Amino acid sequence: MPGWQMVCCGTHFREAGAVSWRLRHPNSAELAWFDTVLHDGVAARIDAVEDHHGDSSAPLTEGTVTSIFTLHCRFSPEPVAESGLLTSVVTAEKWNEDLDDRHFAGFLISVLAPKSIRVQGRFSTSSSAGGDARRSVGVFTL
């Protein structure tokens, strides 16, 4: 969920809390955005994006939040390369303050969820996959 979506229609969530989100595969522009802002390989670990105003047919994923980071970066007017700052938090609040000249851009979250398989370019939860998998969910603003 982009930062503006959290303000618009998001609800707070917390570490160790249960979530139920429609997750979709990140597109190349979203991953490039992360590579620009963080520039440390974080984008390669993001396997899903939650978007409240996105594809309502995206598969529903239920899981437990294992970590939450706020993401702040500079804009001039585009995101400034390597200006991203990740800060660990216990609760994702609806309102998030800027940090000096870095603006709140969203959250990077890890969720422990049932293993998923790709079906026709989408994630689909499969009970036959067995076990759980930690998923990195990018929820951010472009």
Side-chain angles (χ1 to χ4, degrees), residues 1-126 129-142:
M1 173 191 333
W4 67 267
Q5 286 187 33
M6 185 66 160
V7 172
C8 166
C9 56
T11 56
H12 74 277
F13 53 92
R14 62 181 299 107
E15 230 177 65
V19 292
S20 180
W21 290 331
R22 295 202 177 276
L23 301 178
R24 63 172 172 77
H25 189 68
N27 64 48
S28 59
E30 291 164 333
L31 295 177
W33 189 91
F34 266 109
D35 274 340
T36 296
V37 172
L38 296 172
H39 202 37
D40 63 358
V42 170
R45 298 190 305 264
I46 296 173
D47 67 0
V49 173
E50 195 279 340
D51 182 352
H52 270 45
H53 295 109
D55 183 1
S56 62
S57 67
L60 188 64
T61 299
E62 296 179 351
T64 303
V65 175
T66 59
S67 67
I68 306 168
F69 292 87
T70 59
L71 172 58
H72 291 80
C73 67
R74 293 183 187 100
F75 292 89
S76 180
E78 298 298 317
V80 175
E82 299 184 39
S83 68
L85 176 65
L86 291 171
T87 306
S88 180
V89 296
V90 175
T91 302
E93 299 293 342
K94 189 170 179 94
W95 300 97
N96 293 272
E97 298 293 324
D98 291 340
L99 297 176
D100 297 320
D101 63 342
R102 288 183 170 99
H103 300 284
F104 175 70
F107 298 99
L108 182 63
I109 303 150
S110 289
V111 176
L112 188 63
K115 283 187 179 178
S116 299
I117 57 173
R118 294 283 301 271
V119 177
Q120 297 176 353
R122 292 189 173 165
F123 289 99
S124 174
T125 302
S126 171
D132 290 331
R134 192 171 310 270
R135 303 186 67 187
S136 290
V137 179
V139 273
F140 59 96
T141 287
L142 285 178

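Since we're looking at a predicted model, the values are computed, not measured.
- The main-chain N or O of Val49 is never found under 3.5 Å from a side-chain atom of Arg24 such that the two would form a donor-acceptor pair.
- A 4.5 Å side-chain heavy-atom check between Phe34 and Ile46 finds at least one atom pair inside the cut-off.
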Atom pairs and distances, donor-acceptor, side-chain atoms in residues 76-91, under 3.5 Å, two or more places apart:
unit_1: Ser83; atom_1: OG; unit_2: Arg74; atom_2: N; d: 3.0
unit_1: Ser83; atom_1: OG; unit_2: Val80; atom_2: O; d: 2.7
unit_1: Thr91; atom_1: OG1; unit_2: Arg14; atom_2: NH1; d: 2.9

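- A 4.5 Å side-chain heavy-atom check between Thr61 and Trp21 finds every atom pair outside the cut-off.
- How far CG of Leu112 is from OG1 of Thr64: 6.0 Å, rounded to the nearest 0.5 Å.
- Counting only distance, with no hydrogens or angles, the side chain of Thr66 and the backbone of Ser110 share a donor-acceptor pair below 3.5 Å.
- Across Ser20 and Glu62, no two heavy atoms sit closer than the pair OG-CG, 3.6 Å.
- Within the structure, the salt bridge (Lys or Arg N to Asp or Glu O under 4.0 Å) test picks out no pair touching residues 102-114 (sequence neighbours left out).
- Expressed to the nearest 0.5 Å, how far CG of Leu31 lies from CZ of Arg45 amounts to 12.5 Å.
- Partners of Asp98 under the side chain to side chain contact (heavy atoms under 4.5 Å, CB included) rule, at least two apart in sequence or in another chain, are His103, Phe104.
- Nearest heavy-atom pair across Ala43 and Asp35 is CB-OD1, 3.3 Å.
- A distance of 11.0 Å separates CG in Leu71 from CD1 in Ile109, rounded to the nearest 0.5 Å.
- Here the CG atom belonging to Leu108 is positioned 7.0 Å from the CZ atom belonging to Phe69, to the nearest 0.5 angstrom.
- Here the straight-line distance linking atom CG of Asn96 with atom NE2 of His72 works out to 6.0 Å at 0.5 Å rounding.
- The aromatic rings of Trp33 and Phe75 are tilted relative to each other, their planes meeting at an angle between 30° and 60°.
- Rounded to the nearest 0.5 Å, atoms CG (Leu99) and OG1 (Thr70) are 6.5 Å apart.
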